[in-house]
Colleague: 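Got a structure here, written out as C-alpha cells. Questions coming.
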Amino acid sequence: MSRVYNFSAGPSAFPETVLQQAKEELLEWRDSGMSVMEMSHRGKHFSIIAEELESDLRDLLNVPANYKVLFLQGGASAQFSLIPQNILNGKTKACYIKTGAWSEKAIKDAKSYCNVIVSASSEDSKFTSIPDVAGWQLDSEAAYLHYTSNETIHGVEFSDIPESQGLTLVSDMSSNILSRKIDVSQFGLIYAGTQKNMGPAGVTVVIVRDDLIGHATKTTPSVFDYAEQAKNQSMLNTPATYSWYLVGLVLKWLKEQGGVAAIEQRNITKAAKLYKAIDTSSLYRNPVEVAVRSRMNVPFILADESLDKPFLAAAEANGLLELKGHRSVGGMRASIYNAMPEAGVAALCEFMTEFERTH
Ligand SMILES: *Cc1c(COP(=O)(O)O)cnc(C)c1O
C-alpha cells in the first residue's frame with residue numbers, strides 16, 4: 001500500500017489514524033457485535049456515538065448552551081435554500097456578501113425566497129479580494145447578513161468576523177470550520193458540509209441560535225425544519241449514521257491534536273510555507289490579495305500554461321495528487337485542510353522548487 005498526499009478540495013484527505021481506527025472497528029464497534037453501518041439509529045450503541053459527536057463538536061467550538069447543533073443531509077448546498085425558509089421569519093429581505101463562487105450560489109438560491117441585497121461584491125477583482133467592511137451597503141430591515149468565510153474555489157478567506165451592524169450573522173464555513181478559533185456567540189447561524197475539514201461527505205452541520213428557529217415557512221419540508229430536527233436530535237428521519245460516526249472519529253482526533261487552537265497554529269505554518277514557495281518563485285503566482293489569502297485552499301497559476309499538464313503529471317509521479325485547479329479559475333489548487341500533515345506541504349514545496357529548476 002502506498003498512500004499519497006491528497007490535495008483535493010473535497011471530499012478530502014483524512015487523518016490516517018482515523019482510517020485505521022475505522023478499519024479496526026468496521027466489523028464490530030466496541031462490544032456491540034456489529035458494524036456501525038448495521039446499527040439502528042435509535043439503539044443504545046448508536047446513541048452513544050450521536051451523543052459524543054455533538055458534545056465533542058460543542059467542546060471544540062465552545063458552542064454556547066443557547067445554540068442547537070444539527071446534523072442534516074443535503075449538503076451545504078441545500079442550506080442555500082433552507083436558511084431563508086427557516087429564518088426569514090416573515091421578513092422579506094436578506095443581505096449577502098459576494099466574494100466568490102460559493103457565495104454566488106448561495107445568492108442564486110436565496111433569490112427564490114426573498115429579496116436578496118448584495119451588500120458588497122468583489123466580482124470586479126475577479127474574486128481576489130474582500131470589499132472593505134466600511135463600504136458594505138447593509139439594510140437594517142434585512143433578516144440576516146450572509147457571508148462565506150472561506151471561498152474554496154477562489155482561495156479567499158475572512159481573517160476576522162465582519163461587523164454586521166446588528167444584523168444576524170450567517171456564515172458558510174464549509175471549508176474552514178475547525179481550522180481556526182471562532183466566537184460562535186457572534187453568529188446567528190453557522191453551517192458547513194463535513195467533507196472538507198470534518199470527515200466524509202454526507203453530513204451538514206448547522207449551528208443555530210435558539211431564538212431563530214421555530215419560524216419555518218409552511219412549505220418547508222419537516223426534515224429541513226431546524227426546529228423539528230432540533231426537537232428530534234437530528235433524527236426526525238434516518239440520519240447518515242456511518243458518516244456521523246466518521247465525523248465523530250475526526251473530532252476525537254482533533255481533540256488529541258490539541259483542539260482548534262493547536263491545529264490553527266499548524267495551519268498558519270503550513271499556509272505560510274506554501275505561500276512563501278509561491279511568492280519567491282518566478283514560475284508560480286497566487287492572484288489573491290495577501291491579507292485575504294486562504295489558509296485552506298491555495299490556488300496558483302504557472303507563468304506558462306503549457307506547463308500545467310507536465311506539472312500535474314510530475315506531481316502525480318511524486319505522490320502529490322488532486323492539484324488541478326477548479327475549471328472556473330484554471331491553474332492549480334492545493335487544499336491543505338487540518339488533516340494535511342506538515343510533511344505533505346513540505347513535499348509539495350520541495351517538488352515545486354525542483355519542477356521550476358528543471359523547467
Ligand atoms: C463545498 C462547498 C459547498 C457545497 O457543499 P456540498 O456539500 O457539496 O453541497 C458550499 N460552500 C462551500 C464554501 C464549499 O466549500
Side-chain angles (χ1 to χ4, degrees), residues 1-20 150 152-153 155-157 159 175-181 195-199 250 253-288 290-303 307-326 329 331-359:
M1 190 185 73
S2 79
R3 284 182 49 81
V4 298
Y5 287 120
N6 174 10
F7 295 91
S8 170
S12 49
F14 255 67
E16 194 166 314
T17 53
V18 169
L19 294 175
Q20 258 149 13
N150 182 62
T152 322
I153 292 173
V156 170
E157 183 172 14
S159 55
S175 49
N176 69 349
I177 193 164
L178 295 169
S179 72
R180 61 196 302 150
K181 292 191 296 294
Q195 72 272 26
K196 274 87 184 220
N197 225 357
M198 302 179 80
V250 172
W253 168 84
L254 184 50
K255 284 183 136 180
E256 281 162 22
Q257 304 303 303
V260 175
I263 208 84
E264 176 172 18
Q265 288 311 314
R266 234 170 294 163
N267 289 333
I268 290 170
T269 307
K270 287 188 300 181
K273 187 173 176 77
L274 182 49
Y275 283 114
K276 187 172 172 218
I278 293 168
D279 290 344
T280 53
S281 102
S282 45
L283 178 59
Y284 313 108
R285 190 175 68 84
N286 169 280
V288 178
V290 172
V292 298
R293 283 173 164 182
S294 170
R295 288 180 192 158
M296 296 283 100
N297 310 97
V298 182
F300 56 93
I301 294 157
L302 274 61
L307 288 175
D308 283 2
K309 273 193 180 148
F311 179 91
L312 288 166
E316 185 162 343
N318 282 273
L320 308 166
L321 265 66
E322 305 280 1
L323 284 163
K324 193 172 187 321
H326 190 271
V329 175
M332 309 298 151
R333 173 178 49 171
S335 295
I336 49 174
Y337 299 119
N338 287 352
M340 173 58 63
E342 292 181 65
V345 173
L348 174 61
C349 292
E350 226 169 87
F351 165 76
M352 286 168 68
T353 306
E354 181 61 15
F355 185 85
E356 182 169 6
R357 194 183 62 77
T358 51
H359 291 78

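Remember, it's a predicted structure, so these values are computed and weren't measured experimentally.
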Colleague: Between N286 (side chain only) and D279 (backbone N and O only), is there a donor and an acceptor less than 3.5 Å apart?
Modeller: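 No; judged by distance alone, with no hydrogens or angles, the pair does not exist.
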
Colleague: Could you check whether any side-chain heavy atom of R333 comes within less than 4.5 Å of a side-chain heavy atom of T152, counting everything from C-beta outward?
Modeller: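 SC-SC contact between R333 and T152 confirmed.
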
Colleague: P299 and P287: which non-hydrogen atoms are nearest, and at how many Å?
Modeller: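 The pair with the smallest heavy-atom distance is O-CD, 4.2 Å.
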
Colleague: With a sphere of 6.0 Å drawn around CD of E350, does it hold more than 12 non-hydrogen atoms of other residues, nucleotides or ligands?
Modeller: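 Counting other residues, nucleotides and ligands, CD of E350 stays at 12 neighbours or fewer.
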
Colleague: Look up atom OG in S294 and atom CD1 in I153, then write down how far apart they are to the nearest 0.5 Å.
Modeller: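 Rounded to the nearest 0.5 Å, the OG-CD1 separation comes out at 12.0 Å.
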
Colleague: Tell me the closest heavy-atom pair linking R293 and V288, and the distance in Å.
Modeller: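 Minimum heavy-atom separation between R293 and V288: NE-O, 3.4 Å.
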
Colleague: Within the supplied structure, the quantity of interest is the number of heavy atoms (other residues, nucleotides, ligands) at a distance under 6.0 Å from E354 CD; does it exceed 12?
Modeller: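 Atom CD in E354 is packed in, count exceeds 12.
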
Colleague: Once rounded to the nearest 0.5 Å, what's the spacing between atom CE of M296 and atom CG of N267?
Modeller: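 The distance works out to 3.5 Å.
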
Colleague: Any idea which heavy atoms bring A9 and Y337 closest together, and the distance?
Modeller: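 Smallest heavy-atom distance, with atoms named: O-OH, 2.7 Å.
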
Colleague: Taking the side chain as everything from C-beta on, heavy atoms only, tell me whether I263 gets closer than 4.5 Å to W253.
Modeller: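 They are in contact (side-chain heavy atoms under 4.5 Å apart), so the answer is yes.
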
Colleague: Report the distance from atom CZ of F355 to atom CG of L312, rounding to the nearest 0.5 Å.
Modeller: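 F355 atom CZ to L312 atom CG measures 8.5 Å (nearest 0.5 Å).
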
Colleague: Of the non-hydrogen atoms in G199 and V250, which two are nearest, and what is the gap between them?
Modeller: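 Between these two residues, the closest heavy atoms are CA-CG2, 4.0 Å.
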
Colleague: Tell me whether R295 is salt-bridged to E264, with the criterion being a basic N under 4.0 Å from an acidic carboxylate O.
Modeller: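 Looking at E264 together with R295, the answer is yes, because their closest N to O distance falls below 4.0 Å.
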
Colleague: Hey, is the main chain of M352 close enough, under 3.5 Å, to the side chain of Y284 for a donor-acceptor pair?
Modeller: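 Flag set: sc Y284 to bb M352 pair under 3.5 Å.
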
Colleague: Measure the spacing between CG of L283 and CD1 of I278 and express it to the nearest 0.5 Å.
Modeller: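 So the gap between those two atoms works out to 10.5 Å.
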
Colleague: Can a donor-acceptor pair be found, under 3.5 Å and without considering hydrogens, that links the side chain of N318 to the backbone of F351?
Modeller: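 Judged by distance alone, no pair lies under 3.5 Å.
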
Colleague: Does S12 reach the main-chain N or O of Q195 with its side chain, forming a donor-acceptor pair under 3.5 Å?
Modeller: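 Yes: the side chain of S12 pairs with the backbone of Q195.
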
Colleague: When rounded to the nearest 0.5 angstrom, what is the spacing between CG in N197 and CD1 in I177?
Modeller: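 Result: 8.5 Å between the selected atoms.
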
Colleague: Can you find a heavy atom in the side chain of L348 that is under 4.5 Å from one in the side chain of I336?
Modeller: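 They are not in contact (no side-chain heavy atoms under 4.5 Å apart), so the answer is no.
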
Colleague: Would you say the side-chain atoms of K324 pair up with the backbone N or O of D308, donor to acceptor, closer than 3.5 Å?
Modeller: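 A pair under 3.5 Å: no.
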
Colleague: Under 4.5 Å between any side-chain heavy atoms of R180 and S159, yes or no?
Modeller: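 Yes, side chains in contact.
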
Colleague: For residues F7 and V298, determine if any side-chain heavy atom of one lies less than 4.5 Å from a side-chain heavy atom of the other.
Modeller: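 No, their side chains stay 4.5 Å or more apart.
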
Colleague: Check whether any side-chain heavy atom of N297 lies under 4.5 Å from a side-chain heavy atom of K196, and answer yes or no.
Modeller: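 N297 vs K196: side chains apart.
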
Colleague: Quick one: closest heavy-atom pair of S282 and A303, and the distance?
Modeller: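 Nearest heavy atoms, S282 then A303: O-CB, 4.0 Å.
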
Colleague: Which pair of heavy atoms, one from A13 and one from A339, lies closest together, and at what distance?
Modeller: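 Heavy atoms of A13 and A339 come nearest at O-CB, 3.3 Å.
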
Colleague: Checking the side chain of R3 only, and the main-chain atoms of E16 only, is there a donor and an acceptor separated by less than 3.5 Å?
Modeller: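 Looks like no, no N/O pair under 3.5 Å.
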
Colleague: Within the structure provided, determine whether K273 and K276 are in side-chain contact (heavy-atom separation under 4.5 Å).
Modeller: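 No, their side chains stay 4.5 Å or more apart.
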
Colleague: Just verifying a value: how many Å separate M340 CE and S8 OG, rounded to the nearest 0.5 Å?
Modeller: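 Going from CE on M340 over to OG on S8, the span is 9.5 Å.
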
